[in-house]
Amino acid sequence: MSDQIKLTFPDGTTREFNRGVTGSEVAGSISEGLARMAVSIGVDGEVRDLSRPILGNSHIQIFTMRDTEGMATYWHSSAHLMAEALEALYPGVKFGIGPAIERGFYYDVDLGERTLGAEDLEAIEKKMAELAKRNVPYVRKEVSKADAIAFFTEKDDEYKLELLNDLEDGTISFYSQGDFTDLCRGPHVPSTGSMKYVKLLNIAGAYWRGDQSRKQLTRLYGITFPKKKELDDYLEMLELAKQRDHRKLGRELELFTFSQKVGPGLPLWLPKGARLRDLLADFLKKEQLNSGYEPVVTPHIARLELYKISGHYPYYSDSQFPPMMEDVENDEGYLLKPMNCPHHTQIYDDRPRSYRELPIRYAEFGTVYRYEQSGELGGLTRVRGFTQDDAHIFCMPSQVKEEFKNVIALTLKVLSALSFTDFKAQISLRDPSNTEKYIGEDAAWDDAEQAIREAAAEMGLDAIEEEGEAAFYGPKLDFMVKDALGREWQLGTVQLDYNLPERFDLTYIGDDNQKHRPVMIHRAPFGSLERFIGVLIEHCGGNFPMWLAPVQVQVLPVGQSFNEYSLQVTQDLKKVGLRAECDLRHEKVGYKIRSAEMQKVPYMLIVGEREMENKAVSVRRHGEGDLGSVSLSDFVATAFADIDQAIGSN
RNA sequence: GCCAAUGUAGCUCAGCUGGUAGAGCAGCUCAUUCGUAAUGAGCAGGUCGGCGGUUCGAGUCCGCCCAUUGGCUCCA
């Protein structure tokens, strides 16, 4: 056996090293800078400590703070540092899990009776900085399961003991830094010294292992950086994100509001917000008419009978507003609809259907009501009454792929019209190890999952697949977008359903003159108008594209003597279909401009002596400033060009 | 629902260890007639989230409730 090994770098080059060389030594052999920046090393796909010897030929990749892998290592180590601080400050504290997350880290801890406040967070931050200054190494140690159990039994930490329970002997490792030792798979950065700048962001309750029936631990979220500037920049970025918060912008731009008298999670749309909603809905309705959808309209309530058949009642009673009972004894009454699909099945079932009719696509902007848990409500992204841009496609199994393709095309059109480029598409599949919990034939599922996969691929959609995420009634494809604070929200969704056609005994007559079961596809490109608009507001920071701006043009007379001409201009703009308003207040033009700028109106037209004489307007674009004077007709052409460019050829 | 924090005028926020509320912006009135991000003066505006308690006295202390925010769980 040679004592030389061959390491292959990401660029394909290979070099020979002594067997047992460490990641640090490899990094150091490349450059001193890399050795300084390096936090961990990928060895044949496994991320490891830099200090671990490499024993065989491998493909390696050195991770630094510039890689997601490197950041994850760094923040995971930071979680350990926080744990060390917590143990020092609150002896007897027990630890759950403490992973790195996308931005920072958290640790779930059991502090007994103690609760933490802002002052405590500062004390912990201080302690962490102090511990980091000692700059002690993270030391890995392989331990036997018995020793590990003995260690945590001694510490009386039932959480770690439970975690150990699921681990196999021989695969267990501890990491220590200073006096603190934790059960951990690793890897870690070489030492604590780089975690100088610490900010603990918030405290939250988190159920042990995400299970509501188990004890709630205290979750501490934090972030660390090696340089002060990086921490400052991050905190500033968080501040800037708050400026884009749709709740703040919704108030400032007068789009929507909430009233305690109306109720939590029940948004009230102000005139400008309602206009925005209508514009979005009109846009999609037009697209849907072009894509073979037929609008239908259904009421907001239905008999309990409908939901007993659909299976929503009483099994989902927790998430529904209580029914309006007519006859309590016989469980008869009405339910506010939590979804539109049961109603739509009844439209399908209005008369016998032929295979020649399929696919049938019923579309409705249907408002539904769900009794979301109080702690879950938030702005427009999670509400109790919302309008889905819903449609249900009834088709033959052989048509599923084509229909999915059409829906994907429509959804992509919607997303691109609003310049959402940074979205995630996820295909949710069955859990292959537990197929009994799903309704429908195995073979049908296989076909459907394959159809969705192919539809996504053929539409050029880069979708990730998640096993076990499918609903019990069918696989689905979801579109996710992040809000200003980086939280991911599901917007568009396409879901296959084997369940409802079965429950409502829906059929069509096939070319064999036999009855067949159609497949149902639920789909909503926006998802809900409320959530979509919430995320849209944050996406554009309240600067809506011209075609969506509630007010497109604000006309600003320089003085009272130009009011009449300004009103004439405003009328002319309205006549050609632009949403124009005129600011007739007795204020200086600077004041009116400021006010229109803050309302984020795309175009301001300043009108005074010069403009009146030349039948012109002086154009100011939001965020850009003065564009000079043009004739009214030239401005109208510019405005429409702006609209067309954003909306495409709708 | 659970954990934590927060709740003072339409908005943003002051209000020290308890002594019955204050600013800026917005609003209204008047003056100013104004050229690309705030003209000036005056006026008005608050059951200090709600209910109860402690106290001679509560925005301030305590309890319960409501709402909001950040998480946990679920979902569009």
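The shown structure was predicted, so the numbers you read here are calculated from the model rather than taken from an experiment. Within every chain, numbering begins at 1; the chains are lettered A, B, ... in the order of the sequence lines, protein sequences first and strands thereafter. Values below: every heavy atom of this structure, side chains too, minus hydrogens, waters and symmetry copies.
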Peer 1: Which one, B:rU36, B:rU68, B:rC72, comes nearest to the side chain of A:P264?
Peer 2: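 The answer is B:rU68, which lies nearest to the side chain.
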Peer 1: Which pair of non-hydrogen atoms, one from A:R244 and one from A:L249, has the smallest distance, and what is that distance?
Peer 2: O-CD1, 3.5 Å
Peer 1: Could you report the tightest heavy-atom contact between A:M604 and A:R621, atom names first, then the distance?
Peer 2: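 Minimum heavy-atom separation between A:M604 and A:R621: CE-C, 4.1 Å.
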Peer 1: Distance between the P atoms of B:rC28 and B:rC34, in whole angstroms?
Peer 2: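 After rounding to an integer number of Å, I get 23 Å for this pair.
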Peer 1: For A:G379, answer base if it contacts any base atom (sugar-phosphate contacts may also be present), sugar-phosphate if it contacts only those atoms, and nothing otherwise; contact means non-hydrogen atoms under 4.0 Å.
Peer 2: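 Sugar-phosphate, backbone atoms only, no base.
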Peer 1: By the side chain to side chain donor-acceptor pair (under 3.5 Å) test, which pairs, at least two apart or in different chains, include something from residues 258-271 of chain A?
Peer 2: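 Every pair satisfying side chain to side chain donor-acceptor pair (under 3.5 Å) with a residue in residues 258-271 of chain A: there are none.
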Peer 1: Report yes if at least one side-chain N or O of A:R523 is closer than 4.0 Å to OP1 or OP2 of B:rA76; otherwise report no.
Peer 2: no
Peer 1: Under 4.0 angstrom, heavy atoms only, what part of the nucleic acid is A:G590 near: base, sugar-phosphate, or nothing?
Peer 2: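 Sugar-phosphate: the residue A:G590, judged by heavy atoms under 4.0 Å, touches backbone atoms but no base.
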Peer 1: A:L280 has an atom CG; how far is it from atom P of B:rA76, in whole Å?
Peer 2: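 Going from A:L280 (CG) to B:rA76 (P), I get 20 Å.
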Peer 1: When you compare B:rC16 with B:rA21, how far apart are their C1' atoms, in angstrom units rounded to a whole number?
Peer 2: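 It works out to 15 Å between them.
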Peer 1: Check whether any side-chain N or O of A:R209 sits under 4.0 Å from OP1 or OP2 of B:rC72, and answer yes or no.
Peer 2: no
Peer 1: Does A:R370 make a side-chain donor-acceptor contact with the base of B:rC74, cut-off 3.5 Å?
Peer 2: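 When only heavy-atom distances are counted, A:R370 does not reach the base of B:rC74 through any donor-acceptor pair under 3.5 Å.
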Peer 1: Could you give the CG-to-P distance, from A:L377 to B:rA67, as a whole number of Å?
Peer 2: 9 Å
Peer 1: Would you indicate what A:L491 reaches in the nucleic acid, counting non-hydrogen atoms under 4.0 angstrom: base, sugar-phosphate, or nothing?
Peer 2: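 Contact class for A:L491: sugar-phosphate only.
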Peer 1: Answer with base, sugar-phosphate or nothing: what part of the nucleic acid does A:E530 contact at a heavy-atom distance below 4.0 Å?
Peer 2: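 Answer is nothing: A:E530 stays at 4.0 Å or more from every strand.
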Peer 1: Separation of A:L201 atom CG from B:rC72 atom P, in whole Å?
Peer 2: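 Taking atom P of B:rC72 as the reference, CG of A:L201 is at 14 Å.
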Peer 1: How would you label the contact of A:F532 with the nucleic acid (heavy atoms, under 4.0 Å): base, sugar-phosphate, or nothing?
Peer 2: nothing
Peer 1: Taking the same atom, C1', in B:rA5 and in B:rA9, what whole-Å distance lies between them?
Peer 2: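 The answer is 24 Å between these two C1' atoms.
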Peer 1: Describe the nucleic acid contact of A:V368 in one word from base, sugar-phosphate, nothing, applying a heavy-atom distance below 4.0 Å.
Peer 2: nothing
Peer 1: Would you find more than 12 non-hydrogen atoms of other residues, nucleotides or ligands less than 6.0 Å from A:E102 atom CD?
Peer 2: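 Check fails, neighbour count at 12 or below.
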Peer 1: Please pick, from B:rC11, B:rA37, B:rA76, the nucleotide with the shortest atom-to-atom distance to any side-chain atom of A:R594.
Peer 2: B:rA37
Peer 1: Strictly under 4.0 angstrom, non-hydrogen atoms only: write out the protein contact profile of nucleotides 26-31 of chain B, one letter per nucleotide from the 5' end, B, S or -.
Peer 2: SS----
Peer 1: On a whole-Å scale, what distance lies between the C1' atoms belonging to B:rC56 and B:rG45?
Peer 2: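 That atom pair is separated by 32 Å.
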Peer 1: Contact class for A:V558 vs. all strands (heavy atom < 4.0 Å): base, sugar-phosphate, or nothing?
Peer 2: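 The residue A:V558 makes base contact.
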Peer 1: Are A:E538 and A:R487 close enough, and set up right, to give a salt bridge (charged side-chain N to carboxylate O under 4.0 Å, His left out), and what steps lead you there?
Peer 2: CA-CA 12 Å; A:E538 305 196 352; A:R487 291 171 296 201; 5.5 Å; no
Peer 1: Write down the distance between CZ (A:F562) and P (B:rU33), rounded to a whole number of angstrom.
Peer 2: 13 Å
Peer 1: P atom, B:rU47 versus B:rC11: distance in rounded Å?
Peer 2: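 These two P atoms come out 13 Å apart once rounded.
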Peer 1: Please name the pair of heavy atoms, one in A:Y498 and one in A:A448, separated by the smallest distance, quoted to 0.1 Å.
Peer 2: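 Closest approach of A:Y498 to A:A448: OH-CB, 3.0 Å.
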Peer 1: From CG of A:D478 over to P of B:rC74, roughly how many Å is that when rounded to an integer?
Peer 2: 15 Å
Peer 1: Across the strands shown, which category fits A:G378 at heavy-atom distances under 4.0 angstrom: base, sugar-phosphate, nothing?
Peer 2: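 Answer is sugar-phosphate: A:G378 comes under 4.0 Å of backbone atoms only.
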Peer 1: Does A:R620 place a side-chain N or O at less than 4.0 Å from the phosphate oxygens OP1/OP2 of B:rG35?
Peer 2: no
Peer 1: Counting any heavy atom closer than 4.0 Å, what does A:R531 reach on the DNA or RNA strands: base, sugar-phosphate only, or nothing?
Peer 2: base
Peer 1: May I ask you to establish whether A:R384 and A:Y371 are in a cation-pi arrangement, using a distance under 6.0 Å from NZ or CZ to the six-membered ring centre and at most 45° from the ring axis?
Peer 2: yes
Peer 1: Regarding A:R214 and A:D108, does a basic nitrogen lie under 4.0 Å from an acidic carboxylate oxygen?
Peer 2: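 No, this pair does not count.
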Peer 1: In plain terms, say whether A:R277 and A:E530 are close enough for a salt bridge, that is, a side-chain N and a carboxylate O under 4.0 Å apart.
Peer 2: yes
Peer 1: So what does A:D626 touch, heavy atoms closer than 4.0 Å: a base, only the sugar-phosphate, or nothing?
Peer 2: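 Result for A:D626 = base.
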Peer 1: Where the side chain of A:E611 is concerned, which of B:rG35, B:rA76, B:rG70 is the nearest nucleotide?
Peer 2: B:rG35
Peer 1: For the C1' atoms, the ones on B:rG63 and on B:rU55, what distance do you get once it is rounded to whole angstrom?
Peer 2: 16 Å
Peer 1: Looking only at atom C1', what distance separates B:rC48 and B:rC13, rounded to whole Å?
Peer 2: 14 Å
Peer 1: Ignoring hydrogens and geometry beyond distance, is the side chain of A:E254 in donor-acceptor contact with the base of B:rG10 at under 3.5 Å?
Peer 2: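 Flag unset: no donor-acceptor pair detected.
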Peer 1: Does A:E364 use its side chain to pair, donor to acceptor, with the backbone of A:T298 at less than 3.5 Å?
Peer 2: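 Yes; at least one donor-acceptor contact below 3.5 Å.
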Peer 1: Could you tell me whether A:R382 contacts a base, only the sugar-phosphate backbone, or nothing, with contacts defined as non-hydrogen atoms closer than 4.0 Å?
Peer 2: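 Base contact.
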Peer 1: For nucleotides 1-9 of chain B, just jot down a letter per nucleotide in 5' to 3' order: B, S or -, based on protein non-hydrogen atoms under 4.0 Å.
Peer 2: BBBS-----
Peer 1: Base, sugar-phosphate or nothing for A:R487? Non-hydrogen atoms, less than 4.0 Å.
Peer 2: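 Answer is sugar-phosphate: A:R487 comes under 4.0 Å of backbone atoms only.
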Peer 1: Under 4.0 Å: is that the gap between some side-chain N or O of A:R247 and OP1 or OP2 of B:rU69?
Peer 2: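 Yes, such a contact exists.
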Peer 1: With rounding to whole Å, what would you report as the distance between B:rC2 and B:rC43 at their P atoms?
Peer 2: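 49 Å, rounded to whole Å.
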